[in-house]
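Numbers restart at 1 for each chain; the letters A, B, ... are given by sequence-line order, proteins then strands.
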2 protein chains.
Amino acid sequence: MSLIGTKWKPLILFHLLNGGVRSGVLQKKIPGISNKMFTQTVRELEKDGLVIRKIFPVVPPKVEYKLSERGFSLEGILRSLDSWGLEDSKH
Amino acid sequence: MSLIGTKWKPLILFHLLNGGVRSGVLQKKIPGISNKMFTQTVRELEKDGLVIRKIFPVVPPKVEYKLSERGFSLEGILRSLDSWGLEDSKH
DNA sequence: TAACTATAGTACTTTTTTGTAAGTTATTGC
DNA sequence: GCAATAACTTACAAAAAAGTACTATAGTTA
């Protein structure tokens, strides 16, 4: 479960289903996440092989995240979770 | 995510897919869970409306857990998670 | 040259989860 | 009457997760 069984991972993965996004943009899509947790989480997802991190050597930094193939294999689950309403409902 | 985004919930739900089980039996199917976490988790699942708790007024106590209809609606997700190998893999 | 930018790292604290060990219960078998 | 039973419950301690605030980077632009 560690792959998606955390507070933020599924949410981040879900937002990446539509394609790669710049770091800052992605983070803004996740209200309530702290800077630290965001970085930490995407980095873990990268280690898990679910997302790919692309760095552009420019200043100020530019980094894009996108799903890996493995990440996309979760699409069904992610969409199920979403439509099941897990992100919102109680608790 | 709180509904299944925890260490034990998905596992417990998964084991209930085959039908109702007695408390002690269910617990033994989940190696590594402490007594406290087991009780706590099934009780939360009950509050979430995903499992039904049936008490038999006997001594020593007898309690059975089974999935509610709502719980069964997670079947697809649970099986996907399982076949995706989330229970095991890294970390 | 000083401020600004986007991304991330780090130290430290607080909060949340989880584990451990010890009760509690009411009946039955000895 | 006393231990054994199944399913908890509780208090306390330990561990893990998350939050906060601050720092670094190095080109660009005012």
Side-chain angles (χ1 to χ4, degrees), chain A residues 1-16 19-48 50-68 86-87 89-91, chain B residues 1-16 19-48 50-68 86-87 89-91:
Chain A
M1 277 312 302
S2 56
L3 286 193
I4 73 166
T6 69
K7 194 172 178 183
W8 303 111
K9 282 183 181 179
L11 210 47
I12 289 181
L13 290 172
F14 185 76
H15 283 295
L16 286 176
V21 201
R22 243 189 119 163
S23 183
V25 174
L26 180 56
Q27 186 168 348
K28 276 171 199 144
K29 287 184 178 178
I30 323 271
I33 197 172
S34 70
N35 181 253
K36 178 187 139 188
M37 285 313 295
F38 175 74
T39 302
Q40 188 176 306
T41 306
V42 284
R43 291 312 194 83
E44 276 169 26
L45 288 171
E46 188 194 10
K47 278 186 191 154
D48 294 339
L50 296 177
V51 311
I52 293 170
R53 181 159 177 265
K54 187 171 185 184
I55 308 168
F56 298 82
V58 297
V59 168
K62 176 177 179 183
V63 175
E64 273 190 12
Y65 292 100
K66 63 176 179 179
L67 290 184
S68 67
L86 296 180
E87 321 297 5
S89 43
K90 61 188 67 173
H91 199 259
Chain B
M1 278 310 303
S2 56
L3 287 192
I4 74 165
T6 70
K7 193 172 177 181
W8 304 110
K9 282 183 181 179
L11 210 48
I12 289 180
L13 290 172
F14 185 75
H15 282 295
L16 286 175
V21 202
R22 243 189 119 165
S23 183
V25 175
L26 179 56
Q27 185 169 347
K28 275 171 200 143
K29 288 185 178 178
I30 322 268
I33 197 171
S34 70
N35 180 253
K36 179 186 136 189
M37 284 313 294
F38 175 74
T39 302
Q40 188 177 306
T41 307
V42 284
R43 292 311 195 81
E44 276 169 26
L45 288 171
E46 188 194 9
K47 277 185 192 153
D48 294 338
L50 296 177
V51 312
I52 293 169
R53 181 160 176 263
K54 186 171 184 186
I55 306 167
F56 298 82
V58 298
V59 169
K62 176 177 179 182
V63 176
E64 274 190 10
Y65 291 102
K66 62 175 179 180
L67 289 184
S68 67
L86 296 181
E87 322 296 6
S89 44
K90 60 188 70 171
H91 201 258

Side-chain polar contacts of residues 23-36 of chain B - donor-acceptor pairs under 3.5 angstrom, sequence neighbours left out - could you list them?
{"residue": "B/S34", "atom": "OG", "partner": "B/M37", "partner atom": "N", "Å": "3.2"}

Gap between atoms [atom1] and [atom2], on [X] and [N] respectively (whole Å):
X	N	atom1	atom2	value
B/Q40	D/dA7	CD	P	18 Å
B/E46	D/dA7	CD	P	15 Å
B/K62	D/dC8	NZ	C1'	17 Å
B/M37	D/dT9	CE	P	14 Å
B/K7	C/dT16	NZ	C1'	14 Å
B/E44	D/dT9	CD	C1'	15 Å
A/R43	C/dT10	CZ	P	10 Å
B/I12	D/dA7	CD1	P	14 Å

How far does CD1 of A/I52 sit from CG of A/L67, to the nearest 0.5 angstrom?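 A/I52 CD1 to A/L67 CG: 8.5 Å, rounded to 0.5 Å.
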
Drop me the distance from B/D48's CG to B/R43's CZ, to the nearest 0.5 angstrom.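 The CG atom of B/D48 sits 13.5 Å away from the CZ atom of B/R43.
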
A/L50 backbone acceptor or donor facing A/S68 side chain under 3.5 Å: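 Yes, the answer is positive, given that a donor and an acceptor are paired below the 3.5 Å cut-off.
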
In B/S/- notation, 5' to 3', how is nucleotides 22-30 of chain D contacted by protein heavy atoms closer than 4.0 Å? ----BB---

Sequence neighbours excluded - side chain to side chain donor-acceptor pair (under 3.5 Å) pairs with any residue from residues 53-63 of chain B: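 Passing the test, one end in residues 53-63 of chain B: B/R53-B/Y65.
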
Students often get this wrong, so: under 4.0 angstrom with heavy atoms, is A/Y65 touching a base, only sugar-phosphate, or nothing?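 Answer is sugar-phosphate: A/Y65 comes under 4.0 Å of backbone atoms only.
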
Residues of residues 19-33 of chain A with any non-hydrogen atom less than 4.0 angstrom from an atom of DNA chain D: list those, numerically ordered, please.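 Within this stretch, nothing sits under 4.0 Å of the strand.
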
What is the minimum heavy-atom distance between B/V42 and B/V51, and which atoms define it?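 Heavy atoms only, the tightest pair is O-CG2, 3.8 Å.
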
Which comes earlier along DNA chain C counting from the 5' end, the contact point of A/V63 or that of A/K36, where each point is its nearest nucleotide? A/V63

Among A/T41, A/L45, A/L13, find the residue that satisfies the side chain to side chain contact (heavy atoms under 4.5 Å, CB included) test when tested with A/W8.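 The single option meeting the side chain to side chain contact (heavy atoms under 4.5 Å, CB included) with A/W8 is A/T41.
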
